Each structure stands twice: as C-alpha cells, then as structure tokens.
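Structure record follows, encoded as structure tokens.
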Protein chains: 2
Amino acid sequence: MLRVNKLTDYAVVVLCDLLRGQALRSAADLSASSGVPLPTVAKILKQLTKTDILQSVRGVNGGYGFARAPQNISMAEVIEALEGPIAVTGCAGDSGECCELTDQCPMSGHWTAVNVAVRGSLAEVRLIDMLPEARFMDPDDLSSNIAARHAPAAQQAQA
Amino acid sequence: MLRVNKLTDYAVVVLCDLLRGQALRSAADLSASSGVPLPTVAKILKQLTKTDILQSVRGVNGGYGFARAPQNISMAEVIEALEGPIAVTGCAGDSGECCELTDQCPMSGHWTAVNVAVRGSLAEVRLIDMLPEARFMDPDDLSSNIAARHAPAAQQAQA
DNA sequence: AGATACTGTACCGTTTTAGTCCTGTATATG
DNA sequence: CATATACAGGACTAAAACGGTACAGTATCT
C-alpha cells in the first residue's frame, strides 16, 4: 500500500487531460473527456487552484488552466496539493500531534529521514512523465498555460 | 498524507525495541517495554515473521528475534512486510485491478515511475537509521540475530 | 438581466483500519 | 508425562477516514 488517495489518482488523469487539450477548460468539459464524475472533478480542480498549479477564470467561457509551465510541475507538488504535506507518519508530521507513547517513543522525528527520501524521489518525477505522448509533443504546445495564452503577444495556434 | 499504517508505525517502534534488548524477546515483553498493546504487538510480530525479517521460537522461553543481521534490513522491507507491495495507486499495482476508466485512462502503468522512485528511496533508509543510539552501538551487539545467538560457537555475552 | 461557470461548505454512505478475542499447536520444565 | 508458556491463525466488531454529492453563493460574459 502506502497509497495516495483515489482523488489524487483522478487528479493526475484530469491534469493529463488538461495537458492535452486547450489552455482553458471548464470542469464539465474535463469531466466529459476524462470520464471522472463532475462533482469529483470540480473538487479536484478547486483544490489544485489553491496552490499555484492551476488558475481559474470565472464566468461565461471561464474554466481552468495551468498557472505555469506544466513541465515544471512535479508529482510531489500534485500530491501535496491534494493530500497536504508528505508525511509518512503522524509523528514526524507538521502538526505537533504525536502518538500516545511520546514518553517512551524513542524515534520522535526519525521518520523524517523517510519523509525526506520519499519527497525527494517524488520531486524528481514530473507531471508530464505520467503522460507518454507528452514527451513527443511540441514544447510550445506544452507550455500553454494561462499566462502564455492570455498574453497579447503570444502566438495562439489553437486558441 | 501518503501515510503508512499506524501498525507499520508501531512496528518500527517494536523493532527498535527488539534491536536494543535481548536477541529473543516474548511478545508480552516487547509490549511492556514499548508501551504498545499486546494484541497489537502480537499482530505485528506475526506479520514480520512471515517475511524473513523476524524468526520465532515457540514454547516456554520462546519469543521473537531477527532472522538476519538487522543492519541489512531496509525500511522498504519493513513497510512491505506490513502493507504489501509498495504501490502508490491501485492502477499501477500488482493485481490487475484497474479503475473503472480503463478505456479512457491514458496512464495505465505510468504510476510505475512513481512507485519505483518511492520504493528506491525507501530501500536506502535502513531500520537502524531510525534508532539514533544504534549508530554508536557495538556492531557485534547489533548483529545479534537468532542464528548468531543460537550458534554453538557464538560468544553469548548477555544471553 | 440572464446564463454560465467557479467558490465554499456541509452532509452522508461506504470502505478501510485498528483493535480484540478465541481456538489451536509447539516446546521446555517439573 | 502433565502442565504452563508462548507463538499461529483466523474471525469479528467498533471507529475513523475517504469518496461522493448537494446546495447556496459569487463573478463574468453576452
């Protein structure tokens, strides 16, 4: 096990879908093309917008898009956006909450080594590594984040 | 999140306790000295015995001990013993079970990169790294697994 | 003004997890 | 040989986390 939430799993599916299409996609659109239920997609997108992975545009013709170049987004960021700080055990976590054995617990904080190791390895896996086709796509296409699309000077091939 | 079971957490506490004391300790003994409830300790020890991390000796004066030199036991092994194969998501896991979106799911098997990365980092963290004192302990003491203790020629200082 | 689409919160059913108990088996000791 | 000790294995129950849904609100374009 040591597994991520189902929500995180779906998030990667949705993000890869977003990676593939237009720069700005509505939640309903992403739900239809990814097969993930709309309420779930909405939940995921909202969560990802709180961090600097996605940006949202409200109103008619609004939607979600990458807040920055997707090549620079790591799996560690995605997982942390959905599940909070990567802490393998509560003891070593952010919150001071420790198990009830604090007195005798000889390893308070020693899970840190594990956390650092895991987080480090996740930081090296990029989001686009999850999408096989992306490796062969035009770099210009991949960098289609909101900023690039909305910039006046940007050449908008498919927008 | 991305957290391990509480059971795995306790397992490390118990294992470190075992690392510190006699080569052969009963479940009740380990429960008393670690503070973890006996039924839980028993569950953990039984699980760890199924792999080649611990060995058990039945009957009076029986108990549990390391099946091999604890220096060579990695956190990846401990976690896998308690939680099964390290698979961050079901899709990439061992069992063929995939999500319901198999048709459209473009990333069947691409979590593998994540799994490999995480497992690799966990394999490099050793169990004794979790126990600060262990680094300063006599290597002979640390290698006190059952085989060494029960070997006729072995000098048994504290057994 | 109205339609579209994101925002935030609160709720409930399901699933997973933690913890406990019971019966069985093996071994050392008196 | 009988008994006490200690592990083996499985089943069961209560609690917590998670996934999914719904609803009321806000912003923006046409």
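In what follows, every chain begins at residue 1, and chains take the letters A, B, ... in the order their sequences are listed. Quantities reported herein were computed from a predicted structural model and do not represent experimental measurements.
T40(A) pairs by the side chain to side chain contact (heavy atoms under 4.5 Å, CB included) definition with L7(A), Y10(A), V36(A), P37(A), I44(A), not counting sequence neighbours. By the side-chain hydrogen bond (donor to acceptor under 3.5 Å, both in side chains) test, S121(B) pairs with no residue at all, sequence neighbours left out. Applying the side chain to side chain contact (heavy atoms under 4.5 Å, CB included) test to N72(A) and every residue at least two apart in sequence or in another chain returns R68(A), A69(A). Evaluation of the salt bridge (Lys or Arg N to Asp or Glu O under 4.0 Å) rule for R126(B) yields D129(B) as partners, not counting sequence neighbours.
L38(A) has its CG atom 14 Å from the C1' atom of dC23(D), to the nearest Å. Rounded to whole Å, atom P of dT15(C) lies 9 Å from atom NZ of K6(A). Spacing between atom CG of N5(B) and atom P of dC18(D) amounts to 12 Å, rounded to whole angstrom units. Straight-line distance from the CD atom of Q55(B) to the C1' atom of dA6(D): 16 Å, rounded to whole Å. At whole-Å resolution of the value, CG in D9(B) and C1' in dG19(C) are 16 Å apart. We find that CZ of R3(B) is positioned 10 Å from C1' of dA17(D), with the value rounded to whole Å. Atom CD in Q47(B) sits about 11 Å away from atom P in dG10(D), given to the nearest Å. A straight line from CG of L48(B) to C1' of dC7(D) spans 14 Å, rounded to a whole angstrom.
Of the charged side-chain nitrogens involved, at least one lies within less than 4.0 Å of a carboxylate oxygen, so that R20(A) and D17(A) count as a salt-bridged pair. Ion pairing of R3(A) with E83(B) is absent here, as no side-chain N (NZ or NE/NH1/NH2) approaches a carboxylate O to less than 4.0 Å.
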**OP:** Could you encode protein contacts along nucleotides 4-14 of chain C as a string, one character per nucleotide from 5' to 3', using B for base contact, S for sugar-phosphate-only contact and - for no contact, with a heavy-atom cut-off of under 4.0 Å?
**Re:** BSBSB------

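For E80(B) (side chain) and E77(B) (main-chain N/O), no donor-acceptor pair under 3.5 Å exists by modelled atom type. Proximity of a side-chain donor or acceptor of S31(A) to a complementary backbone N or O of A27(A) within less than 3.5 Å is not detected.
Counting only Watson-Crick or G-U wobble pairs whose defining distances are both under 3.5 Å, the stems of 3 or more consecutive pairs in DNA chain D are C:1-30 with D:1-30.
One distance of note links NZ of K46(A) with CG of L54(A); it measures 13.5 Å at 0.5 Å rounding.
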